[in-house]
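The structure appears right after this line, and notes come after that.
Numbers restart at 1 for each chain; the letters A, B, ... are given by sequence-line order, proteins then strands. Predicted, not measured: the structure shown is a model, and the values here were computed from it.
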Amino acid sequence: MKRYYITTPIYYVNSVPHIGTALTTIVADACARYQKRRGRAVYFLTGTDENAPKVHRVAQEKGIPTQQFVDEMAEVFENTWRALHIEYDVFMRTTEERHKRTATEVFRRLRQQGDIYEGRYEGWYCVSCETFFALNKVGDERTCPDCGKPLEYRDEPCYYFRLSTYTERLRDHILSHPHFIEPEVRRNETLGFMAEGLQDVAVSRSGTDWGIPVPDDSSGAVIYVWFDALLNYLTATDWLDRGDTYLDTWPPDLQLMGKDILPRFHATIWPAMLMALGLPLPERLYGHGWWIVNKQKMSKSLGNVYAPLEVVQTLSENAGCEMPYAVDAFRYYMLREMPTDSDAEFSLQGFETRYNGDLANDLGNLVHRTLSMLHRYFGGRVPEGARIDDTLAHLFVQQATRTAEAYEAVDFPRGLSEAWAIISAVNRYYDEQAPWTLHKQGETQRAGQVLYTGLEAVRILSVLVEPAMPQVAREIARLLNLESVPDWNATHQVGVLAMEHPLQEPKPIFPRLQAKPNAPVVQEPAQPQPEPKQAPSDALITLEQFQRLKIRVATVRSAEPIPNTQKLLKLTVDLGDERRTIVAGIAETYSPEALVGRQVLVLVNLQPATLRGVVSEGMLLAADVEGKAILLNPDQSVPNGACVR
RNA sequence: GGCGGCGUAGCUCAGUUGGUGAGAGCGACCGGCUCAUACCCGGUAGGUCGGCGGUUCGAGUCCGCCCGCCGCUACCA
């Protein structure tokens, strides 16, 4: 039988785990645990991405041998995940020999069959992002449009992966497999991204000796880190060495990740690579949203990055909650508020609210009050002759089913709230039946039935809660004197716990946080300074600002349309002391012939932009009349190069 | 500019294929209970469902336009 194969991305080792990476990993773990409880064999992969040149640089800056650095960082990740009760089967490190062999072999095969070809790359490159950028994106500061760091100019031979040829097949696959990319927003986004065809991607890098060498290449190039990283999913199945038996694991049933790496990488390059290899594609790719803090992205520079274990530690201390349960509380919060379609707000206050409300008051208190009464009234044993209430039993089974459906759909916010419906139903039931009054009035039989019904709810809850809170589930099972948390089948049955079955003495699992409402016990980090708003476009500017614009008169010497464009003309203009090429979007108003010899006004100190492959070294001034550009020119003929002021 | 999405009670958000008087949680207020971790249960919030117009017997739910915000993308100049 095929194993249920679930993956997280491998994480960059140049930063420590934060609540974003924790989210992906916890969601994956919850999915894995759910599948296990359903009785499936599960293979759960996570790991670290260690071959990036950036990693090498960071290590050098720290003065540590790179291998030692990645070893240490990988350990930090493993320790963090273990502390968060992540039960992975494989921790893949891309510096492992078997991974290097896989990546090398794939590269070689694709090159042999022509899916990888030799070309050349010339342009700006961000080492930090491992990405090339077109000239018109980089600005005159030559900084990375994504991370803002300085770019390097590269001009080098380079291998390309023929991604473009897979556009159609990929689109067909996405269209015919509605659940291939989830949630739907991401699917639409990917289709939009692909709409005008995919570009071949550079899959090698030069100028570094850290990484997996390109096979059969003497230039010293290494395989592009994303190309290698994606293949870790394949390495983990031992595809290279196992003949066809790797199919007991391959393809992945669920690949989880943040929304940022879905459209460009996992939903395009990755499946195209697999198509090229003739391998089955993953069943589902799921890209969740991001945590935002105070309405802003988490970032080191804003200082609003949370470390999961610190958050847990603080809660544990403030609430007096034992660490394993504080960890589970954190997992619960991550999953209950998990961003699915869009981003969601993370806050310590939100965490505390969930902790007190959902965990201490609802779940914890229900377990505690149920067991307390059973101890007080029935000597800590399942009451003799107790029968479960049919109405409630029906509800339990129904909610368990709904919870399962939501978990299956990676919708933990919904799944957990379906489970919590059981808790509020039992609290209401206790209120109506008042077993304490029944007991007082000597109606022992009735009281026993009511509490038995509640106890069965607790038993079922231990199962429903286990994917999110494994240690809490174990503790509940222990209180019920069960050897382990039951599997999911136990949620379809009621009346399972036998008469006279002994129960443990309860102790609150989640001690209530004692604090004034709205006054978080945990100190929020200092509010990051809001980004200065850009001045509105109608604000007044100074003369000095205006004088920074260098506008000069020029004569058009030549003009030709740029093929396959509607509006663009390529012009050569004469500024007296120099000639420049300018791309202008005026073809709808002017024919090339009408322009030659004409004088125009040119903004000459605008940063160059590449439009349709042509570098434009300035901008023509024109009046905008209902979208049509009407050129401006001097009142009388003036020398070329004359300045406008 | 194009594509996609969002804008629903103080806050965070649910609201399948259009149809009983528009919902949940949190917070607030009032009441009840006392087994329980000052917990739980019930009630109260009179919200132009971003704005305008349209289709319809009937629209947060469909169509058009507009405003605001976000993401992606582009032949923005």
Rounded to the nearest Å, what distance is computed from the [atom1] atom of residue [X] to the [atom2] atom of nucleotide [N]?
{"X": "A:Leu479", "N": "B:A36", "atom1": "CG", "atom2": "C1'", "result": "14 Å"}
{"X": "A:Leu451", "N": "B:A36", "atom1": "CG", "atom2": "P", "result": "12 Å"}
{"X": "A:His439", "N": "B:C33", "atom1": "NE2", "atom2": "P", "result": "21 Å"}
{"X": "A:Met373", "N": "B:C40", "atom1": "CE", "atom2": "C1'", "result": "10 Å"}
{"X": "A:Gln433", "N": "B:C35", "atom1": "CD", "atom2": "P", "result": "17 Å"}
{"X": "A:Tyr429", "N": "B:C33", "atom1": "OH", "atom2": "C1'", "result": "17 Å"}
{"X": "A:Glu189", "N": "B:C6", "atom1": "CD", "atom2": "C1'", "result": "14 Å"}
{"X": "A:Asn356", "N": "B:G25", "atom1": "CG", "atom2": "C1'", "result": "15 Å"}

Is the shortest side-chain N to carboxylate O distance from [X] to [Y] below 4.0 Å?
{"X": "A:Glu456", "Y": "A:Arg459", "value": "yes"}
{"X": "A:Arg580", "Y": "A:Glu578", "value": "yes"}
{"X": "A:Glu184", "Y": "A:Arg187", "value": "no"}

Checking all strands, does [X] fall into the base, sugar-phosphate, or nothing category for heavy-atom contacts under 4.0 angstrom?
{"X": "A:Tyr377", "result": "sugar-phosphate"}
{"X": "A:Pro435", "result": "nothing"}
{"X": "A:Gly364", "result": "base"}
{"X": "A:Asn361", "result": "sugar-phosphate"}
{"X": "A:Arg376", "result": "sugar-phosphate"}
{"X": "A:Ile509", "result": "base"}

Nearest-angstrom distance, [atom1] atom, [N] to [M]:
{"N": "B:G21", "M": "B:A59", "atom1": "P", "value": "12 Å"}
{"N": "B:G31", "M": "B:U8", "atom1": "C1'", "value": "30 Å"}
{"N": "B:G5", "M": "B:G10", "atom1": "P", "value": "27 Å"}
{"N": "B:C49", "M": "B:G53", "atom1": "P", "value": "13 Å"}
{"N": "B:C69", "M": "B:G64", "atom1": "P", "value": "22 Å"}
{"N": "B:G60", "M": "B:G23", "atom1": "C1'", "value": "12 Å"}
{"N": "B:G32", "M": "B:C39", "atom1": "C1'", "value": "14 Å"}
{"N": "B:G47", "M": "B:G15", "atom1": "C1'", "value": "15 Å"}

Choosing from [options], which nucleotide comes nearest the side chain of [X]?
{"X": "A:Ala360", "options": "B:G25, B:U37, B:C40", "value": "B:U37"}
{"X": "A:Ser372", "options": "B:U37, B:G25, B:C35", "value": "B:C35"}
{"X": "A:Met619", "options": "B:U37, B:C35, B:A77", "value": "B:A77"}
{"X": "A:Pro508", "options": "B:G4, B:U37, B:C33", "value": "B:U37"}

Is there a donor in the side chain of A:Trp270 and an acceptor in the side chain of A:Gln255, or the other way round, less than 3.5 Å apart?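 Their side chains do contain a donor-acceptor pair, which is all the 3.5 Å distance test asks for.
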
Let me see the working for A:Arg402 and A:Glu405 under salt bridge (Lys or Arg N to Asp or Glu O under 4.0 Å), right down to the final yes or no. CA-CA 5 Å; A:Arg402 289 184 180 172; A:Glu405 284 167 1; over 6 Å; no

Indicate whether OP1 or OP2 belonging to [N] is found under 4.0 Å from a side-chain N or O atom of [X].
{"X": "A:Asn188", "N": "B:C3", "result": "no"}
{"X": "A:Arg512", "N": "B:C39", "result": "yes"}
{"X": "A:Arg264", "N": "B:U73", "result": "yes"}

Using heavy atoms to find the nearest nucleotide of RNA chain B for A:Pro511 and A:Asp358 separately, return the residue whose nucleotide is more 5′.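 Taking each residue's closest nucleotide, the earlier one in sequence belongs to A:Asp358.
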
5'-most contact on RNA chain B: A:Phe193 or A:Arg336, nearest heavy atom basis?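 Closest to the 5' end, via its nearest nucleotide, is A:Arg336.
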
Just wondering, more than 12 heavy atoms not from [X] lying within 6.0 Å of its [atom1]?
{"X": "A:Glu408", "atom1": "CD", "value": "yes"}
{"X": "A:Arg387", "atom1": "CZ", "value": "no"}
{"X": "A:His501", "atom1": "NE2", "value": "yes"}

Are side-chain heavy atoms of A:Ile174 and A:Leu191 found at a separation under 4.5 Å?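 A:Ile174 reaches A:Leu191 side chain to side chain.
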
Would you say that A:Thr555 contacts A:Val573 through its side chain, given a criterion of any heavy-atom pair below 4.5 Å between the two side chains?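 A side-chain contact under 4.5 Å is absent here.
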
Assign a letter to each nucleotide of nucleotides 9-14 of chain B from its 5' end: B, base within under 4.0 Å of a protein heavy atom; S, sugar-phosphate only; -, no contact. ---S--

Can you tell which of A:Gln471, A:Arg474, A:Glu475 makes a side chain to side chain contact (heavy atoms under 4.5 Å, CB included) with A:Pro324?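 Among the candidates, only A:Gln471 passes.
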
Name the pairs: protein N/O against N/O of nucleotides 41-45 of chain B, kept only if under 3.5 Å.
residue, atom, partner, partner atom, Å
B:C41, O2', A:Asp431, OD2, 3.0
B:G42, OP1, A:Arg428, NE, 3.3

List the steps and the verdict of side chain to side chain contact (heavy atoms under 4.5 Å, CB included) for A:Trp436 and A:Tyr430. CA-CA 9 Å; A:Trp436 46 91; A:Tyr430 280 172; 4.3 Å; yes

Under a 3.5 Å cutoff on both atom distances, Watson-Crick or G-U, what's the dot-bracket for RNA chain B ([ ] crossing, | other strand)? (((((((..((((.....[...)))).(((((.......))))).....(((((..]....))))))))))))....

Parallel, tilted or perpendicular, as decided by the 30° and 60° cut-offs, for the rings of [Y] and [X]:
{"X": "A:His177", "Y": "A:Phe180", "value": "perpendicular"}
{"X": "A:Phe346", "Y": "A:Tyr333", "value": "perpendicular"}
{"X": "A:Phe412", "Y": "A:Tyr407", "value": "tilted"}

Base of B:G46 relative to its sugar, syn (within 90° of 0) or anti?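 Here the answer is anti: the torsion falls beyond 90° from 0.
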
